[in-house]
Amino acid sequence: MSNQQTVLYDAPGPRARRVTLIVSLFAVVGIAVLGYFLIYRPLDENGQFTMEKWGPLIDPNNEVFPLVWARLRDGFIATLTAAGLAIVSSLVFGTALAVLRVQLKTLKQRRFVGLPGPAAWTLRGLGWVLNAVTRFCVEIFRGLPVVITIFFVASALPDLGVDLGDILWYLVIGLTIYNGVVIAEILRSGMEGLPGGQREAAHAIGFSSFQTTRMILLPQAFRIMLPALISQLIVVLKDTSLGFIISYEEVLRVSRFIIDNLENPIQVYTVVGAIYILINYLLSKLAEYAQRRMARARKTRGLPTQAAPPSIMPQAGPGGATVGVGADTSSA
């Protein structure tokens, strides 16, 4: 093993590897024994592994199997609908808020050379005030639990006379407010973490501050912060389960209705949890695929240019003169 591979730790010898293997085997056996006595046996003694409990979920011949899965299907459709709308609106709102915060910070720092003194001070003061207001709103909504945001939207908007008709939109608005400000902070930190020379170079070639943000900083922030963005979008999907507090018919609320009738909470929640895990796993794999594609694209753009073709290399002409192959040698 090379020094580069062992610089941070000493490679284990044969005895250490044997000890590690033995300890690992004992740990696995111990966990299996504890799982049997603490989990499996109590559940088995309570009849949690019988087909009476699992049949409505895994046995197509069970009389309530079609009804149960029809209800779960409707619940997952409602969950994915709310999640899809919230993801799109959170991305749009978060991107706009991130650009606004970056622009307000730039406005706050401008000197407004060429304007009269009162006008320049007024514009700078306006930049300070707007920057403080947006930062205050971001900190408030980012600090509030998302369940409070959803409940507040569903309660406050009808009291203000805003009737959206479908309860879905109250859930989407609540999720958008919370996740939008989080996405805005992710993108803002990505843009502000880029080298300052990029902004200076863009200004040198005549780009305005907004053009620099939109065309240079924002695309790079999306690429750099993609893992954090994907993680936050997965959070949006999981947060749709909070729709039960405003009586939205998402999958967990549907699951509670099924449990009230069949009295099998462990089985229902196990199946629903497995489906959630599968969806989130697929989203994480999608994020990894997107990262690999973007990494390959950057490597492709960064390939060195090919060497010059031989036709322009100098060669010895008649009489020992050095000429190019493509040169006109008729005068020689």
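For Tyr269, the OH atom is densely surrounded, since the number of other residues' heavy atoms within 6.0 Å is greater than 12. Enclosure of atom CZ in Phe151 is not indicated, since only 12 or fewer non-hydrogen atoms of other residues, nucleotides or ligands lie within 6.0 angstrom. By the 6.0 Å contact criterion, CD on Glu263 is open, its count of non-hydrogen atoms from other residues, nucleotides or ligands being 12 or less. Annotation for Glu52: atom CD does not count as buried by contact number, only 12 or fewer foreign heavy atoms lying within 6.0 Å. Within 6.0 Å of the CH2 atom in Trp54, the count of heavy atoms belonging to other residues, nucleotides or ligands exceeds 12.
Separation of atoms OH (Tyr178) and CG (Leu242) is listed at 10.5 Å; rounding is to 0.5 Å. Distance CZ/Arg142 to SG/Cys137: 13.0 Å, rounded to 0.5 Å. How far CD1 of Ile246 is from CG of Leu168: 8.5 Å, rounded to the nearest 0.5 Å. From Phe141, atom CZ reaches atom CD1 of Ile177 across 5.0 Å, with rounding to the nearest 0.5 Å. Rounded to the nearest 0.5 angstrom, Phe222 CZ and Leu217 CG are separated by 12.5 Å. Between atom CG of residue Leu175 and atom OH of residue Tyr170 there is a gap of 15.0 Å, rounded to the nearest 0.5 Å.
When every heavy atom of Met191 is checked against every heavy atom of Val102, the shortest pair comes out as CE-CG2, 3.6 Å. When all heavy atoms of Lys53 and Asn264 are compared, the pair lying nearest together is O-ND2, 3.1 Å. Nearest heavy atoms, Gln232 versus Ile183: CG-CG1, 4.0 Å. When every heavy atom of Val272 is checked against every heavy atom of Ser255, the shortest pair comes out as CG2-OG, 3.4 Å. A pairwise comparison of heavy atoms in Val153 and Gly174 identifies CG2-CA, 4.1 Å as the closest pair. Shortest non-hydrogen contact noted between Ala221 and Gly190 is CB-C, 3.9 Å.
No chain of hydrophobic side-chain contacts below 4.5 Å, direct or via other Ile, Leu, Val, Met, Phe, Trp or Tyr residues, connects Val88 to Ile186. Cluster membership for Ile275 and Leu237, using ILVMFWY side-chain heavy atoms within less than 4.5 angstrom, is shared. Phe244 and Phe257 fall into different hydrophobic clusters, where Ile, Leu, Val, Met, Phe, Trp and Tyr side chains are chained together by heavy-atom contacts under 4.5 Å. Criterion: ILVMFWY side-chain heavy atoms under 4.5 Å apart, direct or through other members. Under it, Ile77 and Ile167 are not part of a common hydrophobic cluster. Phe152 and Ile245 sit in two unconnected hydrophobic clusters of ILVMFWY residues. Membership requires side-chain heavy atoms under 4.5 Å apart, directly or through other members.
Residues meeting the side chain to side chain donor-acceptor pair (under 3.5 Å) test with Arg199, sequence neighbours left out: none. Applying the side chain to side chain donor-acceptor pair (under 3.5 Å) criterion to Thr134, with sequence neighbours excluded, gives no partner residue. Residues that satisfy the ring pair (Phe, Tyr, Trp, His ring centres under 6.0 Å) test with Tyr40, not counting sequence neighbours, are Tyr36, Phe49. Residues passing the side chain to side chain donor-acceptor pair (under 3.5 Å) test with Ser89, sequence neighbours excluded: Thr176.
Between Arg101 and Glu185 there is a salt bridge, since a side-chain N of the basic residue sits under 4.0 Å from a carboxylate O of the acidic one.
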TODO: For Val268 and Leu262, run side-chain contact (heavy atoms from CB on, under 4.5 Å): C-alpha distance rounded to whole Å, both residues' side-chain angles, the deciding distance at 0.1 Å, then the answer.
DONE: CA-CA 9 Å; Val268 172; Leu262 300 180; 5.6 Å; no
- [ ] Evaluate the criterion side-chain contact (heavy atoms from CB on, under 4.5 Å) for residue pair Leu85 and Trp169; output intermediate values, then yes/no.
- [x] CA-CA 9 Å; Leu85 293 172; Trp169 299 111; 3.8 Å; yes
Open item on the list: Does Phe76 form a side-chain contact (heavy atoms from CB on, under 4.5 Å) with Val254? I'd like the steps, not just the answer.
Closed with: CA-CA 9 Å; Phe76 272 108; Val254 170; over 6 Å; no
- [ ] Applying side-chain contact (heavy atoms from CB on, under 4.5 Å), run through Ile224 and Leu194 and close with a yes or a no.
- [x] CA-CA 10 Å; Ile224 295 169; Leu194 293 171; 3.5 Å; yes
- [ ] Check step by step if side chain to side chain donor-acceptor pair (under 3.5 Å) holds for Glu250 and Ser241.
- [x] CA-CA 7 Å; Glu250 45 79 38; Ser241 61; 5.6 Å; no
What donor-acceptor contacts under 3.5 angstrom involve side-chain atoms of residues 12-25, with partners at least two apart or in another chain?
| from | atom 1 | to | atom 2 | distance (Å) |
| --- | --- | --- | --- | --- |
| Arg17 | NH1 | Pro12 | O | 2.8 |
| Thr20 | OG1 | Ala16 | O | 2.8 |
| Ser24 | OG | Thr20 | O | 2.7 |

Table please: side-chain donor-acceptor pairs of residues 59-75 below 3.5 Å, with sequence neighbours left out.
| from | atom 1 | to | atom 2 | distance (Å) |
| --- | --- | --- | --- | --- |
| Asp59 | OD1 | Asn61 | N | 3.1 |
| Asn62 | OD1 | Val64 | N | 3.0 |
| Trp69 | NE1 | Leu57 | O | 2.8 |

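The backbone N or O of Tyr281 lies less than 3.5 Å from a partner atom in the side chain of Ser284, making a donor-acceptor pair.
Inter-residue side-chain proximity for Val99 and Phe210 is flagged as met; some heavy-atom pair is nearer than 4.5 Å. By the 4.5 Å heavy-atom criterion applied to side chains, Val146 and Val235 are not counted as neighbours. Side-chain contact between Thr79 and Leu252 is absent, with no heavy atoms from C-beta onward closer than 4.5 Å.
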